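Just so it is clear, the model here is predicted, and its values are computed rather than measured.
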Amino acid sequence: MKKSGKHPPFDDASPDIVEYVRYLEVIAGKSANTAFSYYCDLRGFSRFMKRRRGLVPADTEIKDIDPKGLDTAFWGSVSKEDIYEYLYFLNRECGNKKSSTARRWPACTAFMIICQSVNKLTENPTASIKPPKQDKVLPKYLTAEQSMDLLESTQYQSDFPERDYCMVVLFLNCGMRLSELVGMDLGDIDLEQRQIRLFGKGHKERMVYLNEACVEALQLYLAKRNTMEGLNPKEKAVFVTRRRKERISNRRVEQLVTGAMKAAGLKGFSTHKLRHTAATLMYQTGNVDILTLKQLLGHSSVGTTQIYTHLQEFQVRAAIEQNPLGTVTPEKARLDTTKRAAGENSGENNVDSTDVEEVTGPMKAFEDAANDGIRRYLFYDRGCRWGC
């Protein structure tokens with residue numbers, strides 16, 4: 001990944017895993033964050049396999065197991081049953097949600113596929129295993145009112161309000177990813193053309209246009225940033241820390257946003273939810289079609305963007321209300337049978353039981369026979385068919 005794509009060295013895993021994650025980053029073009037995430041997931045898998053194979057005492061905590069020391073022959077011995085047990089372990093012992101388990105799954109699968117493709121493995125144990133099924137949940141987002149509360153909080157609850165306000169404005173108006181905001185350089189901003197160049201997942205570049213709120217927030221912050229005492233003139237990062245005067249980290253931004261949310265009385269939201277908020281508000285109120293939203297968010301597939309099409313309850317309600325038949329009114333006197341059912345209306349349907357003549361003669365015998373047949377059907381013939 002551009003600029004902010006730094007990660008700790010790959011020095012705490014088996015050689016095959018290190019080789020694989022370096023391939024991801026250098027050859028496959030994955031971002032540094034993706035490569036390191038796969039690296040961490042495979043270290044966890046290594047620890048689990050060591051305990052499962054009895055290479056460490058059974059009561060050893062997973063976090064205390066050294067993930068190194070597994071060779072190619074060991075990976076070749078991994079079976080389908082091992083994979084199933086690992087998924088079970090993530091769910092039961094680690095308490096991972098379905099989404100977390102599904103996120104860790106690709107690391108194992110892709111690692112085995114690559115090892116097989118370079119003839120390190122004769123068989124891929126994950127080949128016939130389907131990925132864990134996830135619950136389909138709607139993205140959580142802030143309302144427009146909650147977003148305004150958050151913006152106000154960044155102005156009054158921060159020790160660097162110009163920066164924190166600007167970051168939240170960009171999140172809420174441009175739908176940036178956290179890594180995209182942190183990775184921005186001064187040269188990526190063109191205030192005259194009112195646009196920012198972003199580098200998303202997989203080194204994909206896209207242009208995001210700025211509205212008036214974004215331009216004003218950037219102008220206020222950059223004026224403050226460029227006059228910070230002790231800031232290196234060669235520092236390219238847009239957002240910097242107040243003390244160290246260097247590019248702000250992902251974690252620090254998360255802390256600042258979480259603190260502002262807490263101060264605004266907003267619970268259960270994360271920094272990434274601001275991206276969901278931007279997408280949802282634009283789709284609901286900006287007449288933005290799904291393909292435009294896909295381009296704006298930098299999604300590689302429209303299928304990812306379609307989660308926002310399920311949020312339009314008010315649009316569905318409006319569509320039903322706008323049906324041309326939605327204003328048709330009935331003839332209430334004709335359809336209102338409440339009074340007639342209560343015996344209050346007069347007419348042929350309002351017959352008093354006392355006015356019915358008693359049936360006698362041949363018709364009486366016919367009625368008795370008919371009633372007897374019905375009883376036999378209900379209590380004998382039908383009953384036998386039900387297994388009585």
- Task: Taking E61 for its side chain and K63 for its backbone only, find out whether a donor-acceptor pair lies under 3.5 Å.
- Result: no
- Item | Approximate separation, where rounding is to 0.5 Å, of T60 OG1 and L55 CG | 11.0 Å
- Start with the C-alpha gap between M261 and L274, add the side-chain angles, then the distance that decides, and say whether side-chain contact (heavy atoms from CB on, under 4.5 Å) holds. CA-CA 11 Å; M261 286 183 173; L274 300 184; 3.5 Å; yes
- Query: Is there a donor-acceptor contact under 3.5 Å from the side chain of S153 to the main chain of D149?
  - Reply: no
- Item | Over all atoms of both residues, closest heavy-atom pair of A58 and R51 | O-CD, 3.9 Å
- Task: Check the pair D185, R247 against side-chain contact (heavy atoms from CB on, under 4.5 Å), reporting the backbone distance first and the verdict last.
- Result: CA-CA 9 Å; D185 279 348; R247 187 184 300 275; 2.7 Å; yes
- Considering only heavy atoms from C-beta outward, does the side chain of S179 approach that of V182 to under 4.5 Å? no
- Message: With rounding to the nearest 0.5 angstrom, report the CG to CZ distance, N124 to F111.
- Response: 11.0 Å
- Looking only at atom types and distance, does a side-chain atom of K50 sit under 3.5 Å from a main-chain N or O of D66, one as donor and one as acceptor? yes
- Query: Sub-3.5 Å donor-acceptor pair from the side chain of T143 to the main-chain atoms of Q146, do we have one?
  - Reply: yes
- What distance do E254 atom CD and I248 atom CD1 have between them, rounded to the nearest 0.5 Å? 11.0 Å
- Query: Checking side-chain contact (heavy atoms from CB on, under 4.5 Å) for the pair R225/L231: CA distance, chi angles, key distance, verdict?
  - Reply: CA-CA 8 Å; R225 174 201 181 279; L231 179 64; 3.7 Å; yes
- Task: Run through L142, L150, N173 and flag the one making a side-chain contact (heavy atoms from CB on, under 4.5 Å) with T277.
- Result: L142
- Trace of the salt bridge (Lys or Arg N to Asp or Glu O under 4.0 Å) decision for R22 with E25: CA-CA 5 Å; R22 284 177 176 165; E25 194 170 4; over 6 Å; no
- Message: So, taking the atom named OH in Y86 and the one named SG in C94, what distance separates them when rounded to the nearest 0.5 Å?
- Response: 7.5 Å
- Query: Nearest 0.5 Å, what's the CD-CG distance between E162 and L222?
  - Reply: 11.0 Å
- Task: Kindly say whether I65 contributes a backbone atom to a donor-acceptor pair with the side chain of R47 at under 3.5 angstrom?
- Result: yes
- Message: Is it the case that the side chain of T258 and the backbone of Q255 share a donor-acceptor pair, with hydrogens and angles ignored and the cut-off at 3.5 Å?
- Response: no
- Item | Face-on cation placement of R53 at F74 ring, 6.0 Å and 45° thresholds | yes
- Minimum heavy-atom separation for T241 to R163, with atom names? CA-NH1, 3.7 Å
- So, do L151 and Y165 sit near enough that their side-chain heavy atoms are less than 4.5 Å apart? yes
- Message: Could you see if Y84 belongs to whatever hydrophobic cluster contains L121? Use Ile, Leu, Val, Met, Phe, Trp, Tyr and a side-chain cutoff under 4.5 Å.
- Response: yes
- Is a side-chain donor or acceptor of R275 paired with a backbone partner of M176 at a separation under 3.5 angstrom? no
- Task: Mark yes or no for whether T227, through its side chain, and K224, through its backbone, hold a donor-acceptor pair below 3.5 Å.
- Result: yes
- Item | Path from L24 to F199 over hydrophobic side-chain contacts below 4.5 Å | no
- Task: To the nearest 0.5 Å, tell me how far L210 CG sits from D190 CG.
- Result: 9.0 Å
- Item | Joint cluster assignment, I113 & V118, ILVMFWY side-chain distance < 4.5 Å | no
- What pair of heavy atoms forms the shortest contact from M184 to E180, and how long is it? CG-O, 3.2 Å
- Query: Can you name the closest pair of heavy atoms from D12 and Y39 and give their distance?
  - Reply: N-OH, 2.6 Å
- State whether the number of non-hydrogen atoms from other residues, nucleotides or ligands found under 6.0 Å of M228 atom CE is greater than 12. yes
- Q219 atom CD, over 12 foreign heavy atoms within 6.0 Å: yes
- Do L178 and F171 come within less than 4.5 Å of each other through their side chains, counting heavy atoms only? yes
- Side chain T109, main chain P106, donor-acceptor under 3.5 Å: no
- In sequence, state the C-alpha distance, the side-chain angles, and the governing distance for M207 and R197, and then conclude on side-chain contact (heavy atoms from CB on, under 4.5 Å). CA-CA 5 Å; M207 301 300 296; R197 179 176 56 187; 3.6 Å; yes
- What heavy-atom pair brings I83 and V78 nearest, and what distance separates the two atoms? CD1-CG1, 4.0 Å
- Task: For L172 and A278, work out which heavy atoms get closest and say how close.
- Result: O-CB, 3.1 Å
- Item | Common cluster, L186/L191, ILVMFWY with side-chain heavy-atom separation under 4.5 Å | yes
- Message: Applying a strict under-4.5 Å side-chain criterion to I, L, V, M, F, W and Y, I'd like to know whether Y209 and V238 cluster together.
- Response: no
- Task: Over 60° means perpendicular and under 30° means parallel, so classify the ring planes of F45 and W75, tilted if in between.
- Result: parallel
- Query: Should L90 and F48 count as side-chain neighbours, where that means a heavy-atom distance under 4.5 Å?
  - Reply: no
- Item | Output field: ring centroids F239/Y221 closer than 6.0 Å | yes
- Message: Could you check whether atom CD of E246 has more than 12 heavy atoms from other residues, nucleotides or ligands sitting under 6.0 Å from it?
- Response: yes
- Message: Just to verify, what does K120 make a salt bridge (Lys or Arg N to Asp or Glu O under 4.0 Å) with, not counting sequence neighbours?
- Response: D16, E19
- Message: Between C174 and I196, is there a side-chain heavy-atom distance shorter than 4.5 Å?
- Response: no
- Item | Heavy atoms of other groups near E93 CD, more than 12 under 6.0 Å | yes
- Mind running salt bridge (Lys or Arg N to Asp or Glu O under 4.0 Å) on E229 and K245 for me, showing each step along the way? CA-CA 9 Å; E229 184 178 352; K245 313 295 189 301; over 6 Å; no
- Give a yes or no on whether the backbone of S79 and the side-chain of D82 come within a donor-acceptor separation of less than 3.5 Å. yes
